[in-house]
Amino acid sequence: MRESWWLGVLLLFACLAAPARDIAVAEGFVLQPLDPTDGQIARPRDWFYASEGTPSGWMWTISREDTRLGPYDVGMRVQLMMGVEAQSGLTRPAFVQQFIEGKRAAGVQVVRDCPVQVEGEFRRRCFEVVEPLELGGKRRDFHILYSLSWATAMDMVAVTIAGAPVDEWRDYRATFDKMADIRLIGPAFAGGARLGASQETVRAPAPFSTVYNRITPESEARGDDATLKALYTDRFRLVDIAPRPGVVGAKVTGGSLPPRAFASDGTELTGEVLLAFIVSPDGKVVEPRFVSISDERLRATVLAAVAAWRFEPATLDGKPVATLAAQEFSFKPGVER
C-alpha cells in the first residue's frame with residue numbers, strides 16, 4: 001500500500017545491537033536482504049519487495065501486490081529515520097506517544113494499545129487499530145498493527161506497520177508474526193543491528209566482484225589508497241585505474257550530509273569520521289566501512305545519511321562499474337552540515 005497507508009508516519013532508525021545470528025525462515029518464506037544496510041527479513045516466497053531512500057532514512061516494503069503497479073492491500077512496511085529528538089524537539093517516548101495520540105484523534109477504532117515492553121536496548125510499544133483508508137478511489141477499513149521501537153542510548157526509533165483489509169486480517173496475521181523478526185543493519189554495514197531476538201546474519205552475495213579504485217592526484221597526495229583497498233580485499237577484486245578518456249567518476253545525485261547528532265541525555269556529539277564505501281553500478285552506497293571514528297556514538301548517524309545517498313555511477317568505456325570512495329565527516333557543536 002502506498003503513501004495513503006503511511007501518511008504522517010515519521011519513522012526512525014534502529015540501534016546498533018549485539019552481534020546477529022541467522023533470521024529464522026519458516027516454510028514458504030525466503031530470506032530477503034534489506035539493501036543497502038545488509039539487513040534481513042523473512043519474506044513470503046510469492047510476495048514482492050521494494051526498497052527506497054527517504055530524506056531522513058530508509059523504507060522497505062514487503063507486500064502481496066507488486067507496488068510498481070500501484071497501491072498494495074496486504075503487506076508490511078518498515079520506515080527509518082534518524083534524529084527524532086533533534087528534529088522534533090520531543091523525547092523518543094514522547095514522539096511515539098504523539099504518533100499514537102494523532103491516530104486516536106483521527107478517529108481510528110483501537111483494537112489494542114500495548115504497554116511499553118523492555119527488549120534489551122530497545123523499548124517497544126504496539127498500537128493495533130481498524131483504520132479507514134482510501135485506495136484507488138475506494139474507501140475501505142484496514143486492520144493495521146503499528147509496532148514502534150526506540151533505542152535507549154541513541155536518538156533513534158524504528159517502526160514496522162503491518163496491515164490488510166479487515167476481512168483478510170485473520171488470514172494474514174500468522175504471516176506477519178513470521179515476518180516480525182527483522183534485522184535492520186547487518187555486519188557488512190555497521191557491525192549488526194536488529195529488532196527482536198538475537199540472530200546471526202546470512203549475507204547476500206554482491207552482484208559484482210570487481211571494484212575499481214580511481215587514482216587521482218588528491219588520493220595520491222593523501223596516500224590513503226592502499227588503506228582503503230585493504231578494507232575490501234576479503235570480498236572483492238580491487239583494480240586501480242588512472243584518469244583517461246573513457247573513465248568517468250561517480251557523481252552525487254541525491255542525499256545529504258548527516259544532521260547534528262545527540263546523545264540520549266541531549267548532549268551534542270562531536271568528532272571526526274572517515275568512512276570508506278563502494279558506489280555500486282546502480283548508484284547505491286554499499287559495504288560502508290569505518291576507517292576511523294573518534295566517537296562510536298556517531299556511527300549510526302553517519303550510516304543513516306549515506307544509506308540515502310544516490311550517485312550517477314562511474315563508467316569505464318561507457319559501462320557502469322563499482323568504484324571505491326571515501327568521505328570525511330566533521331561533527332562540530334552547533335554546526336549544521
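Since this is a predicted model, take the numbers as computed values, not measurements. FYI, side chains are in, hydrogens and waters are out, and symmetry mates aren't considered; it's all heavy atoms of this structure.
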Participant: As an exercise, state the distance from OG1 of Thr210 to CG of Asn213, rounded to the nearest 0.5 Å.
Facilitator: 13.0 Å

Participant: Between Val247 and Ala242, which heavy-atom pair has the shortest distance, and what is it?
Facilitator: CG2-O, 4.0 Å

Participant: Please work out which of the three classes, parallel, tilted or perpendicular, describes the rings of Phe277 and Phe311, given edges at 30° and 60°.
Facilitator: tilted

Participant: For residues His143 and Glu128, is any side-chain donor paired with an opposing acceptor at under 3.5 Å?
Facilitator: yes

Participant: Under the criterion side chain to side chain contact (heavy atoms under 4.5 Å, CB included), I'd like the reasoning laid out for Phe99 against Tyr146: C-alpha separation, chi angles, the key distance, then a yes or no.
Facilitator: CA-CA 10 Å; Phe99 169 80; Tyr146 297 97; 3.7 Å; yes

Participant: Would you mind checking if Arg64 and Asp46 are paired as a salt bridge, meaning a charged N to carboxylate O distance below 4.0 Å?
Facilitator: no

Participant: Is any side-chain heavy atom of Leu145 less than 4.5 Å from a side-chain heavy atom of Arg173?
Facilitator: yes

Participant: With a 4.5 Å limit on heavy-atom distance, are the side chains of Phe329 and Leu275 in contact?
Facilitator: yes

Participant: Is a side-chain donor-acceptor pair under 3.5 Å present for Ser330 with Glu272?
Facilitator: yes

Participant: Would Val321 end up clustered with Tyr232 when hydrophobic side chains under 4.5 Å apart are linked, directly or stepwise?
Facilitator: no

Participant: When clusters are formed by joining ILVMFWY residues with side-chain heavy atoms under 4.5 Å apart, either directly or through shared neighbours, do Met179 and Phe48 land in the same one?
Facilitator: no

Participant: Going hydrophobic residue to hydrophobic residue with side-chain gaps under 4.5 angstrom, can you get from Val74 over to Val166?
Facilitator: no

Participant: Given the rule in the side chain to side chain contact (heavy atoms under 4.5 Å, CB included) test, do Val111 and Val129 qualify, once you have shown the distances and angles that lead to the verdict?
Facilitator: CA-CA 5 Å; Val111 177; Val129 302; 5.5 Å; no

Participant: First locate atom CH2 of Trp169, then atom CG of Asp141, and finally report the distance between them rounded to the nearest 0.5 Å.
Facilitator: 14.0 Å

Participant: Can you measure from CZ (Arg297) to OG1 (Thr267) and round to the nearest 0.5 angstrom?
Facilitator: 7.5 Å

Participant: Over 60° means perpendicular and under 30° means parallel, so classify the ring planes of Trp47 and Tyr172, tilted if in between.
Facilitator: tilted

Participant: Evaluate the side-chain proximity of Phe127 to Val110: yes if any heavy-atom separation is below 4.5 Å, no if none is.
Facilitator: yes

Participant: Quick check: closest heavy atoms across Glu65 and Asp73, and the distance to 0.1 Å?
Facilitator: OE1-N, 2.9 Å

Participant: Could you grab the distance from atom CZ of Arg237 to atom OH of Tyr212, nearest 0.5 Å is fine?
Facilitator: 6.0 Å

Participant: For Phe290, which of Leu274, Leu231, Leu303 qualifies under side chain to side chain contact (heavy atoms under 4.5 Å, CB included)?
Facilitator: Leu303

Participant: Ile293 versus Arg299: any side-chain heavy-atom pair under 4.5 Å?
Facilitator: yes

Participant: Would you say Val211 ends up clustered with Val248 if hydrophobic residues are merged whenever their side chains have heavy atoms under 4.5 Å apart, either directly or through other cluster members?
Facilitator: no

Participant: Do Gln79 and Thr160 have side-chain heavy atoms sitting under 4.5 Å apart?
Facilitator: no

Participant: Measure the CZ-CD distance between Phe331 and Glu268 for me, rounded to the nearest 0.5 Å.
Facilitator: 9.5 Å

Participant: Going by side chain to side chain contact (heavy atoms under 4.5 Å, CB included), Arg123 matches just one of Val116, Leu148, Val96. Which one?
Facilitator: Val116

Participant: Step by step, work out the side chain to side chain contact (heavy atoms under 4.5 Å, CB included) result for Ile23 and Leu31.
Facilitator: CA-CA 8 Å; Ile23 293 289; Leu31 187 69; 3.9 Å; yes

Participant: Are the side chain of Trp60 and the backbone N or O of Ala50 linked by a donor-acceptor pair below 3.5 Å?
Facilitator: no

Participant: Does Asp317 pair with Lys319 as a salt bridge, N-O distance under 4.0 Å?
Facilitator: no

Participant: Surrounding CZ of Arg244 (heavy atoms of other residues, nucleotides or ligands, distance under 6.0 Å), is the total greater than 12?
Facilitator: yes

Participant: Give me the atom names and distance for the closest heavy-atom approach of Glu312 to Thr253.
Facilitator: N-CG2, 3.6 Å

Participant: Do Asp282 and Pro313 have side chains that get closer than 4.5 Å, going by heavy atoms?
Facilitator: no

Participant: Quick check: closest heavy atoms across Trp58 and Ser51, and the distance to 0.1 Å?
Facilitator: NE1-OG, 2.6 Å

Participant: Is there a side-chain contact between Met76 and Ile161 in this structure, where contact means two heavy atoms from C-beta onward sitting under 4.5 Å apart?
Facilitator: no

Participant: On a heavy-atom basis, which atom in Phe122 and which in Ser149 lie closest, and how many Å separate them?
Facilitator: CD2-CB, 4.3 Å

Participant: Per the disulfide bond (SG atoms under 2.5 Å apart) rule, what does the pair list look like for residues 81-133, sequence neighbours excluded?
Facilitator: Cys114-Cys126

Participant: Considering only heavy atoms from C-beta outward, does the side chain of Phe236 approach that of Ile278 to under 4.5 Å?
Facilitator: yes

Participant: What's the spacing between Ile241 CD1 and Leu316 CG if we round to 0.5 Å?
Facilitator: 4.5 Å

Participant: Check whether Val302 and Val252 end up in the same hydrophobic cluster, where Ile, Leu, Val, Met, Phe, Trp and Tyr are linked by side-chain heavy atoms less than 4.5 Å apart.
Facilitator: yes

Participant: Does the distance from a Lys or Arg side-chain N to an Asp or Glu carboxylate O, for Asp113 and Lys103, drop under 4.0 Å?
Facilitator: no

Participant: Quick one: closest heavy-atom pair of Glu287 and Arg289, and the distance?
Facilitator: OE1-NH2, 2.8 Å

Participant: What do the steps show when you test Ile100 against Arg125 for side chain to side chain contact (heavy atoms under 4.5 Å, CB included), and what is the final call?
Facilitator: CA-CA 10 Å; Ile100 291 174; Arg125 185 174 176 183; 3.3 Å; yes

